[in-house]
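When reading the values below, keep in mind they use all heavy atoms of this one structure, side chains included, and skip hydrogens, waters and symmetry mates. Chain letters run A, B, ... following the sequence lines, proteins first, then strands; residues in each count from 1.
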2 protein chains.
Amino acid sequence: MASIHDIAKKAGVSVSTVSRALNNYQDVNPKTREKIIEIAKELNYYPSAVARGLVMKRTQTIGLFFGDHMNSGFDHPFFMDVISAVREEAGDAGYDLLIFTNKHKERATYATLCRERGVDGVFLILTGGGKKKNDQLIELQESGIPCVAIDLPLEGERCTYVESNNFLGAKKAVLHLIELGHRNIAFIGGDEIAKTSFDRLNGYRAALSESGIDLNASYIEMAYFSEELAKEATKKILARNKDVTAFFAISDLMAFAVIETLQEHALRVPEDISVIGFDDIKEASTFEPPLTTISQQKYAMGRAATNQLMKSIEDINYRPSPITLPTELVIRKTTDYIMR
Amino acid sequence: MASIHDIAKKAGVSVSTVSRALNNYQDVNPKTREKIIEIAKELNYYPSAVARGLVMKRTQTIGLFFGDHMNSGFDHPFFMDVISAVREEAGDAGYDLLIFTNKHKERATYATLCRERGVDGVFLILTGGGKKKNDQLIELQESGIPCVAIDLPLEGERCTYVESNNFLGAKKAVLHLIELGHRNIAFIGGDEIAKTSFDRLNGYRAALSESGIDLNASYIEMAYFSEELAKEATKKILARNKDVTAFFAISDLMAFAVIETLQEHALRVPEDISVIGFDDIKEASTFEPPLTTISQQKYAMGRAATNQLMKSIEDINYRPSPITLPTELVIRKTTDYIMR
DNA sequence: ATAAATAACAAAAACGTTTTTGAATTTAAA
DNA sequence: TTTAAATTCAAAAACGTTTTTGTTATTTAT
């Protein structure tokens with residue numbers, strides 16, 4: 001690999017001149033610059049990003065953590081879409097993406113891993129949880145490392161997050177069911193701590209309350225975004241409440257599980273029971289029957305996240321702020337008027 | 001960020017001693033080592049991977065290129081699965097993943113980008129094509145950079161690839177149709193250059209030939225792995241050949257498009273026309289009707305690829321060799337006995 | 001013609017590590 | 001005792017850049 005020294009020798013100048021020539025400094029003679037560029041091409045020279053990173057303390061790299069928890073990672077279609085957007089946007093801004101994989105480093109934390117790698121900023125796509133993880137998030141908040149999380153309420157001088165309006169989204173979903181005549185509506189939630197889950201539960205509550213329907217705890221189950229647990233939850237609710245006519249699952253993947261479980265119980269969707277999901281992943285429209293759900297703007301989320309991160313990185317004084325994107329009810333075939 | 005110098009100062013030793021203490025060299029007094037480790041913890045020290053990378057010429061990072069062509073990238077479920085496997089396996093081996101995004105660097109090539117970033121090896125998940133790309137692949141082959149490609153026949157001293165047995169897979173698919181009584185079988189291909197596409201076409205040919213069925217060029221269309229083009233192709237074949245009773249699309253995504261197009265023409269699947277795909281992505285089983293297809297071992301592909309790459313990286317003398325994994329016919333609901 | 005300003009370059013320090021070489025001290029061997 | 005060997009550390013070079021400061025030669029202004 002040709003270095004700046006090789007060019008300097010061949011051109012008969014100093015390395016500093018080569019560097020400044022290639023970086024368009026003004027105090028270098030046009031002729032020498034041309035010659036240097038010529039030789040650089042000839043030697044197929046490309047600057048070492050790692051050497052440059054060492055001295056500049058900028059690597060043009062942004063880190064990416066994800067998938068601590070189940071069902072949230074590369075294999076989850078929702079996060080996949082926002083990562084896809086992040087990749088495009090970050091690429092346009094001239095950054096590469098570093099995916100942290102090192103689970104084997106015991107004592108390492110998000111912040112130390114970032115510093116170790118010298119990333120300029122970092123995306124967090126995970127679902128928190130646990131004291132240890134939480135301490136790590138706090139450390140990251142205070143570290144000064146630009147950071148933006150997806151669906152995780154992280155706020156600090158250089159930290160923020162982007163999310164959908166989960167409250168309104170959930171409310172919209174439940175109101176849709178109520179308009180169809182449903183009053184006994186089950187809720188298949190995520191967990192108690194995730195903000196997404198929490199907000200959606202509140203949306204569920206609000207919709208019921210506004211409609212004068214009493215909240216019934218026996219209609220509510222947490223399934224931790226797991227398809228397996230969603231099946232269990234469905235069975236439990238079915239066993240407890242013979243009169244349930246609709247399910248609101250706060251992720252499409254869980255909604256699929258709910259539907260499968262209902263069908264195993266010889267219940268037809270939507271004739272016997274209506275089901276609505278959340279996310280609007282690609283499979284929602286090809287599923288049979290096509291899933292009624294709340295659509296999140298995945299690409300916009302990735303774009304907004306990248307935008308915030310870029311600004312944070314490039315302007316030390318920029319104070320990023322949380323961004324909440326609207327959702328949309330998309331009615332397909334799994335919800336219908338109540339029949340009984 | 002605490003550096004090795006800070007530790008040295010605080011411990012009253014030289015930086016070289018600190019480095020050797022932390023790296024378990026034997027010529028350092030146990031007491032001093034302990035003290036140094038103590039101070040390192042106290043200062044929350046983590047070594048700079050970039051500084052280390054500069055001197056060691058190893059970054060514990062592997063690069064990842066993908067998605068030059070349409071329908072092959074983060075958003076493609078098939079590649080997503082193998083990337084997911086790669087991530088896990090590489091993580092276990094202590095490597096992080098660097099996703100190259102820089103499309104804006106005009107003159108840069110795969111090889112120069114790798115050298116620039118100093119990655120220890122690189123995965124190629126893309127579908128070749130074009131003289132320029134091809135030159136880049138040759139440059140990479142000859143660069144000495146450990147490299148393994150997915151579905152792209154790249155061979156060199158330190159380069160190899162992993163693929164499924166596309167020939168046999170395709171043959172299996174078509175024989176399945178033939179066993180069901182079909183003789184007029186359409187082929188929706190990728191492109192002329194991709195090896196996957198080429199091999200699958202040959203499998204199609206072989207199955208027909210072995211069964212004594214003449215090849216009919218009017219049954220063959222290339223759709224470049226695009227859903228849009230697959231729809232066009234289906235229409236063309238339908239217009240040309242009234243007697244076609246089955247379609248073999250060489251990707252599930254294209255198979256979906258074929259089915260939708262058939263349905264738009266009031267043709268039922270599988271009653272009127274059978275359709276078989278290739279890949280067995282997750283959606284294949286939830287699609288309605290569930291898609292009969294040829295299953296690729298995605299996770300195994302990722303694991304094999306990583307395995308080859310790790311060996312190439314860690315042993316300069318290792319000569320990686322191509323790996324071909326078996327496929328499996330999974331019969332669902334889109335293929336049936338011929339009715340006419 | 002002289003001083004001041006400018007242009008064009010070089011030298012050297014810095015970034016944070018690893019590694020080689022060598023020096024000092026201690027221990028063991030003769 | 002004297003010499004050899006082993007132990008423990010320090011100094012310095014190296015990795016490939018960027019950037020600050022300084023130097024020389026050239027131009028401009030007076």
Side-chain angles (χ1 to χ4, degrees), chain A residues 1-37 39-40 43-61 94 96 108 112-120, chain B residues 1-37 39-40 43-61 94 105 108 112-120:
Chain A
M1 220 7 204
S3 88
I4 214 175
H5 289 90
D6 303 319
I7 300 179
K9 196 179 293 177
K10 196 152 187 174
V13 297
S14 74
V15 294
S16 62
T17 301
V18 175
S19 173
R20 286 169 21 259
L22 295 174
N23 289 311
N24 285 319
Y25 277 59
Q26 283 317 304
D27 64 340
V28 36
N29 190 308
K31 275 184 186 172
T32 32
R33 160 172 294 126
E34 233 176 277
K35 186 189 198 178
I36 287 172
I37 290 177
I39 294 177
L43 297 182
N44 196 23
Y45 168 80
Y46 273 85
S48 154
V50 11
R52 176 180 278 167
L54 182 59
V55 44
M56 304 248 282
K57 290 164 170 312
R58 279 284 293 275
T59 56
Q60 295 299 114
T61 306
D96 286 331
T112 55
L113 285 171
C114 284
R115 281 196 277 248
E116 198 173 325
R117 282 294 189 175
V119 298
D120 300 332
Chain B
M1 222 3 208
S3 88
I4 215 175
H5 289 90
D6 303 319
I7 299 179
K9 196 180 294 177
K10 196 150 186 176
V13 296
S14 75
V15 294
S16 62
T17 302
V18 175
S19 173
R20 288 174 13 263
L22 262 20
N23 288 310
N24 285 319
Y25 278 60
Q26 284 317 304
D27 65 339
V28 35
N29 190 307
K31 275 184 186 173
T32 33
R33 161 173 293 129
E34 233 175 278
K35 186 190 200 177
I36 287 171
I37 291 177
I39 294 177
L43 297 183
N44 196 23
Y45 168 79
Y46 272 86
S48 156
V50 11
R52 175 179 280 166
L54 182 58
V55 44
M56 304 249 280
K57 292 163 172 310
R58 277 285 293 274
T59 55
Q60 296 298 114
T61 306
K105 293 197 181 176
T112 55
L113 285 172
C114 284
R115 282 197 276 248
E116 199 172 325
R117 282 295 189 175
V119 297
D120 300 331

Q) Nearest-Å distance, CD (B:Glu34) to P (D:dT8)? A) 14 Å
Q) Do the side chain of A:Arg33 and the main chain of A:Tyr25 share a donor and acceptor less than 3.5 angstrom apart? A) yes
Q) Can you tell me how far C1' of C:dT17 sits from CZ of A:Arg52, to the nearest Å? A) 20 Å
Q. Whole Å only: how far is the NZ atom of B:Lys35 from the P atom of D:dT8?
A. 15 Å
Q. What is the distance from CZ of B:Arg33 to C1' of D:dT7, rounded to the nearest Å?
A. 13 Å
(Q) Do B:Ile4 and B:Tyr45 have side chains that approach each other closer than 4.5 Å (heavy atoms only, starting at C-beta)? (A) yes
Q) Between C:dC9, D:dG16, D:dC9, which nucleotide has the shortest distance from any of its atoms to the side chain of A:Thr32? A) C:dC9
Q | A:Lys31 NZ - C:dA8 P separation (whole Å) | A | 11 Å
Q.
Taking any heavy-atom pair under 4.0 Å as a contact, classify A:Val13: base, sugar-phosphate, or nothing.
A. sugar-phosphate
(Q) Taking 4.0 Å as the cut-off, does a side-chain nitrogen or oxygen of A:Tyr45 come that near to OP1 or OP2 on D:dT17? (A) yes
Q. Taking CG from A:Asn29 and P from D:dT26, how many angstroms apart are they, rounded to a whole number?
A. 12 Å
Q) Taking atom C1' of D:dC9 as reference, at what distance in whole Å does atom CD1 of B:Ile7 sit? A) 17 Å
Q: Nearest whole angstrom, please: distance from the P of C:dT17 to the CD of A:Glu116.
A: 10 Å
Q | Beyond-backbone contact of A:Gln60 with A:Asp96, side-chain heavy atoms, under 4.5 angstrom | A | no
Q) Between D:dA10 and B:Ser14, is there an OP1 or OP2 to side-chain N/O distance shorter than 4.0 Å? A) yes
Q. When all nucleic acid strands are considered with a 4.0 Å heavy-atom cut-off, which category describes B:Gly118: base, sugar-phosphate, or nothing?
A. nothing
**Q.** Closest-nucleotide 5' rank along DNA chain D - winner of B:Gln26 and B:Leu54
**A.** B:Gln26
Q.
I want to check something: taking the side chain as every heavy atom from C-beta on, are A:Glu34 and A:Ile37 in contact at a cut-off of under 4.5 Å?
A. no
Q) How would you list all residue pairs meeting salt bridge (Lys or Arg N to Asp or Glu O under 4.0 Å) that involve residues 5-24 of chain B, not counting sequence neighbours? A) B:Lys10-B:Glu42, B:Arg20-B:Asp27
Q.
Using five pairs at each end of the helix from C:dA1-D:dT30 to C:dA30-D:dT1 to define an axis, what is the angle between those two axes, to 10°?
A. 50°
Protein-nucleotides 19-26 of chain C N/O pairs under 3.5 Å:
from   : atom 1 : to      : atom 2 : distance (Å)
C:dT19 : OP2    : B:Tyr25 : OH     : 2.6

Q. Are any non-hydrogen side-chain atoms of A:Val18 and A:His5 less than 4.5 angstrom apart?
A. no
Q: Could you go through the side-chain hydrogen bond (donor to acceptor under 3.5 Å, both in side chains) check for B:Thr61 and A:Arg117 one step at a time?
A: CA-CA 10 Å; B:Thr61 306; A:Arg117 282 294 189 175; 2.8 Å; yes
Q.
Is B:Lys57 close enough to D:dG16 that one of its side-chain N or O atoms is under 4.0 Å from OP1 or OP2 there?
A. yes
Q: Could you tell me which non-hydrogen atom of A:Met1 sits nearest to which non-hydrogen atom of B:Glu116, and how far apart they are?
A: CE-N, 4.5 Å
(Q) Which heavy atom of B:Thr59 sits nearest to which heavy atom of B:Gly53, and what is that distance? (A) CG2-CA, 4.3 Å
Q. Judged by atom type as modelled, is there a donor-acceptor pair below 3.5 Å linking the side chain of A:Tyr46 to the main-chain atoms of B:Arg115?
A. no
